[in-house]
There are 2 protein chains.
Amino acid sequence: MTPKMALEKPAPETVFVVDDDASVVRGLSRLLRANGFEVESFASAAAFLSSDARDCVGCLLIDLRMPGMNGLELQAALRESNCTLPVIFISGNTDVPATVQAIRSGALDFLTKPFQEEQLLAAIRSALDRCRDARTRRLAALADQDRFASLTPREKEVCLLVGSGLLNKQIAWQLGTAEKTIKVHRARVMEKLAVVSVAELVRLVDRLGAR
Amino acid sequence: MTPKMALEKPAPETVFVVDDDASVVRGLSRLLRANGFEVESFASAAAFLSSDARDCVGCLLIDLRMPGMNGLELQAALRESNCTLPVIFISGNTDVPATVQAIRSGALDFLTKPFQEEQLLAAIRSALDRCRDARTRRLAALADQDRFASLTPREKEVCLLVGSGLLNKQIAWQLGTAEKTIKVHRARVMEKLAVVSVAELVRLVDRLGAR
DNA sequence: AACGGTATTGGACTTTGGGCCAACACCCGC
DNA sequence: GCGGGTGTTGGCCCAAAGTCCAATACCGTT
């Protein structure tokens, strides 16, 4: 386990509002805070990107149309930088192509003003749920990768070949060494990866390869 | 392998057009045929649902707004009946909520009239690619399920426990039988499932459970 | 030059997994 | 009732995997 996981801030889950219209931001903030959510607001895409909020647990409420970088561009930039915060768009106009692109790019919802309060709240709750799940999965994936990274190059080779179902003797032949050697590596692999059965090892290898 | 797989018709890939406007259908058909696609058209959602086209390789081009069952309802009905044909919506008006619902329900694209011909063709090519892939995966999944279904109840139990990484003796203890018995079942499982290593068996079990 | 991490191999021994042959009990349909 | 599928168990033997202890060799660092 590496010391820094780039995922601190167990801080309360926060809704990040990105909208250039100050009155909208005020209204949304009041509504969300009244419903028990932490809110942090940004007047532009750039402002959010330069914040450290990218790796928190929370969700984004983005106005589609903004001066400078618009909502879709912000979404693309976030994806580019591996930010996995769920995104909910808010739009005043009815731009279907933008809607299609937004949802296909992974946006969770796309609300058009005016919208029902409850609709927004439901979307946010759903987004926070998803973010929690994603975070859990991401942490598990990182733990997997850490364990695999702790293997020596040779052990990694052996690990993958064991995972593909080869016998020790086949692995030995393939790597040009003795079966005995493979047994040693294999034992170390099982120990370092903290798995007690081949089945667990196979699943771990698959998870690693599934990206 | 069961004799009938419910997936015949290796017929040429077909674009199914569902639109109540005869002139639109004519125009689309001409365009698509001119670009080398097979086209079959339906004047209503009900007409398509009662056809046998549900299990073909192809894709659907659905008009969002139709008298009777509309596009979204048709999409829902198809999903209900496990039809996996990729869906592309065509809409004259700009109904954002419908767009959101359509895309979230798995629609591949949502084109608004008027659209670029090339945009439509690209969407269709993408849809057909996806349908081919899905079909391949579905056939593979069916083959897996067939093999698993050929196991006796006891063999299924043993199979799952082996897949979870237990030793023969642990399985025997858990099932209240002798280790020798498990060995026999296990051998039959490996044979019936046509796997040669525990790794393959684990992956097969996971695929079955992944639904 | 000494040291630690890595890769390698050997031997001896135990545990597990598999293959082959045979056998018995149960239940169901013909 | 008999035949066949299913579940069960035994013995014998071999292959594969895992364990413990020990040893050599290379490489880069201190």
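Every chain is numbered from 1 and lettered A, B, ... according to where its sequence line falls, protein lines coming before strand lines.
- Applying the ring pair (Phe, Tyr, Trp, His ring centres under 6.0 Å) rule to A:Phe89 yields the partners A:Phe110; only residues at least two apart in sequence or on another chain are considered.
- Considering OG of B:Ser51 and CG of B:Leu49, their distance stands at 7.5 Å, rounded to 0.5 Å.
- Residue contacts shown for A:Thr181 include a base, since a base heavy atom lies under 4.0 Å away.
- Rounded to whole angstrom, the span from the CD1 atom of B:Ile171 across to the P atom of D:dG7 amounts to 15 Å.
- For A:Asn168, no side-chain nitrogen or oxygen approaches OP1 or OP2 of D:dA16 to under 4.0 Å.
- An OP1 or OP2 oxygen of C:dG5 is reached within less than 4.0 angstrom by no side-chain nitrogen or oxygen of A:Thr152.
- More than 12 heavy atoms of other residues, nucleotides or ligands shown are found within 6.0 angstrom of CZ on A:Arg207.
- One interatomic measurement links the two molecules: NZ of A:Lys156 to P of C:dG5, which rounds to 17 Å at whole-angstrom precision.
- For B:Glu200 and B:Arg203, the salt-bridge test fails: no basic side-chain N is under 4.0 Å from an acidic carboxylate O.
- Computed from coordinates, the B:Arg188 CZ to D:dT8 C1' distance equals 11 Å when rounded to whole Å.
- Taking for each of B:Lys169 and A:Leu175 the nucleotide of DNA chain C with the nearest heavy atom, the 5'-most of the two is the partner of A:Leu175.
- Annotation: of the two residues near DNA chain D, B:Lys192 and A:Arg186, the 5′-most nearest-nucleotide partner is B:Lys192.
- With rounding to whole Å, A:Glu155 atom CD is found 8 Å from C:dT6 atom C1'.
- For B:Glu179 and C:dG18, the CD to P distance is 11 Å, given to the nearest whole Å.
- Within a 6.0 Å radius of CZ in A:Arg188, other residues, nucleotides and ligands contribute 12 heavy atoms or fewer.
- If you measure from atom CD1 of A:Ile182 to atom C1' of C:dG10, you get 15 Å, rounded to the nearest angstrom.
- Contacts of B:Thr177 with the nucleic acid, taken as non-hydrogen atoms under 4.0 Å apart, involve only primed sugar atoms and P, OP1 or OP2.
- Sequence order on DNA chain C of the closest nucleotides to A:Lys180 and A:His185 puts A:His185 first from the 5' end.
- Side-chain contact of B:Arg186 with B:Asn168: a donor-acceptor pair under 3.5 Å is present, judged by distance alone.
- With hydrogens and angles ignored, the 3.5 Å screen pairs a side-chain donor or acceptor of A:Glu155 with a backbone N or O of A:Thr152.
- Projected onto DNA chain D by closest heavy-atom contact, B:Lys183 and A:Leu166 fall at different nucleotides, the more 5' of which corresponds to B:Lys183.
- Inter-axis angle, ends of the helix from C:dA1-D:dT30 to C:dC30-D:dG1, five pairs per end, rounded to 10 degrees: 30°.
- Residue A:Arg154 contributes atom CZ, which lies 16 Å from atom C1' of C:dG5 at whole-angstrom precision.
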